[in-house]
Protein chains: 2
Amino acid sequence: MKLNEGIEWAIHCCSILASLPEDAALPARRLAEFFDLPEHYLAKHLQALSQAGLVNSAKGPGGGYRLSRPAANITVLDIVLAIDGTEPHFQCTEIRRKGPSGVDPACYSKPCGIARAMWRAEKAWRDELASISLKEITDIGMQETPSLQIEKSMEWFGNVLK
Amino acid sequence: MKLNEGIEWAIHCCSILASLPEDAALPARRLAEFFDLPEHYLAKHLQALSQAGLVNSAKGPGGGYRLSRPAANITVLDIVLAIDGTEPHFQCTEIRRKGPSGVDPACYSKPCGIARAMWRAEKAWRDELASISLKEITDIGMQETPSLQIEKSMEWFGNVLK
DNA sequence: ATAATAACGGATATATAATATCCGTAAATA
DNA sequence: TATTTACGGATATTATATATCCGTTATTAT
């Protein structure tokens, strides 16, 4: 199993949006350019972020995407769920009820113990992701990004944001 | 993203093997019958368990699969990794280095902070799965399985184990 | 010996999901 | 009015998961 690559893209894009001036927006085309990603497919993911309410979108010239709220109030989990959906990764197909020994579904009071174990692990995963804010991500990015890249990024932003 | 359905199958199968008499083994065909699963495909997963060293296999009549060690010494994580592989779910494609602002790969001392965050969450998931032993799974199964099903299972085992 | 059982590995087919592109529409700006 | 941009739907392509089949080998029972 592999996680949707769009998750990586979306977190990086949100991190960029977080470091933009308050009133600035970036269109999908520019974000795709910045990371050298397929423009139209990235646009789909950005629309998912928009539908999840994480970013606001504006049409027309000067439009594009910006964060809908402060980066400190957006978690990595928010972004992951926006892209990957909220369905649990582990899907219980109730095979305990199948076969020659299975009995009537009504006889089972609780969800299968195996499913509960898998869901508990998934909760631990989500809890960890929920504990990380987009602000922390961008702060770490600022600290660890090579200074040359920071400079080049600033110049690119300068050119792009009119 | 959806987890491999074989994970569910494998944990259930291991749980059944754990509740078998010490010297008994079950062939893939019987396990598939017990859970009404596709025989040949289940066999692939059982072979993966065998390669991971979780079960021992024996060819020929009376052969089949049995646990290689006590259920208390097998974790749910062991089974999950045997089926799903040990690769992390989140694959970092280093998009931070791409595009007009990217700089030479050698400039980056650490893995990307976003990847580290995703991997930390994955570790939380694995830690939780590693904290659950197969014995706990089977104990919970014994407690929560309807008594009628327990009876039917016992009868089925009796017929199958010679 | 022979026949039957069963794991194993490789090859292949099918179904589903991820990846990617394209198009028409609507909205906003200049 | 022309341009830019988001948005939704349709479609194509690729990768992965699901599933089957076959030949080989090992083991057991007759």
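Just so we're on the same page: letters track the sequence lines, and every chain starts at 1.
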Side-chain donor or acceptor of [X] paired with backbone N/O of [Y] under 3.5 Å:
| X | Y | result |
| --- | --- | --- |
| Glu136(A) | Ser133(A) | yes |
| Gln149(A) | Pro146(A) | no |
| Glu39(B) | Glu33(B) | no |

Give me the atom names and distance for the closest heavy-atom approach of Leu3(B) to His89(B).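 Where Leu3(B) meets His89(B) most closely, the heavy atoms are CD2-CE1, 4.3 Å.
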Basic-acidic side-chain contact under 4.0 Å: Arg97(B), Asp36(A):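 Not counted as a salt bridge, because no side-chain N and carboxylate O are separated by less than 4.0 Å.
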Any salt bridge linking Arg96(A) with Glu94(A)? Criterion: basic side-chain nitrogen under 4.0 Å from a carboxylate oxygen. yes
Audit row: Leu26(A), Phe157(A), side-chain contact (heavy atoms from CB on, under 4.5 Å) steps and yes/no: CA-CA 10 Å; Leu26(A) 275 183; Phe157(A) 284 136; 4.1 Å; yes
Remaining members of hydrophobic cluster (4.5 Å side-chain criterion), Ile140(B):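 Listed partners: none, Ile140(B) stands alone.
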Where each residue is assigned the nucleotide of DNA chain C containing its nearest heavy atom, which of Ala58(A) and Leu3(A) is assigned the position nearer the 5′ end?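 It is Leu3(A) whose nearest nucleotide is closer to the 5' end.
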Under 4.0 Å from any atom of DNA chain D, heavy atoms only: list the residues of residues 32-43 of chain B that qualify, in numerical order.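 Under 4.0 Å from DNA chain D: Pro38(B), His40(B), Tyr41(B).
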Without decimals, in angstroms, what is the distance between [X] [atom1] and [N] [atom2]?
| X | N | atom1 | atom2 | value |
| --- | --- | --- | --- | --- |
| Leu17(B) | dA7(C) | CG | P | 11 Å |
| His45(A) | dA18(C) | NE2 | C1' | 9 Å |
| Gln47(A) | dT25(C) | CD | P | 17 Å |
| His89(A) | dA18(C) | NE2 | C1' | 14 Å |

Contact span of DNA chain D against chain A, any nucleotide atom under 4.0 Å from a heavy atom, 5' to 3', runs dT3(D) to dA17(D)
Earlier contact from the 5' end, DNA chain D, for Lys59(A) and Lys2(B):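 Mapping each residue to its closest nucleotide by heavy atoms, the 5'-most match is Lys59(A).
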Between Pro61(A) and Lys44(A), who's closer to the 5' end of DNA chain D by nearest nucleotide?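 Mapping each residue to its closest nucleotide by heavy atoms, the 5'-most match is Pro61(A).
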Check the phosphate of dA7(C) against Ser50(B), side-chain N and O only, distance under 4.0 Å to OP1 or OP2. Yes or no? no
Under 4.0 angstrom between Gln51(B) side-chain N/O and dC8(C) OP1 or OP2: no
Check for me whether the distance between the ring centres of Phe34(A) and Trp156(A) falls short of 6.0 Å. yes
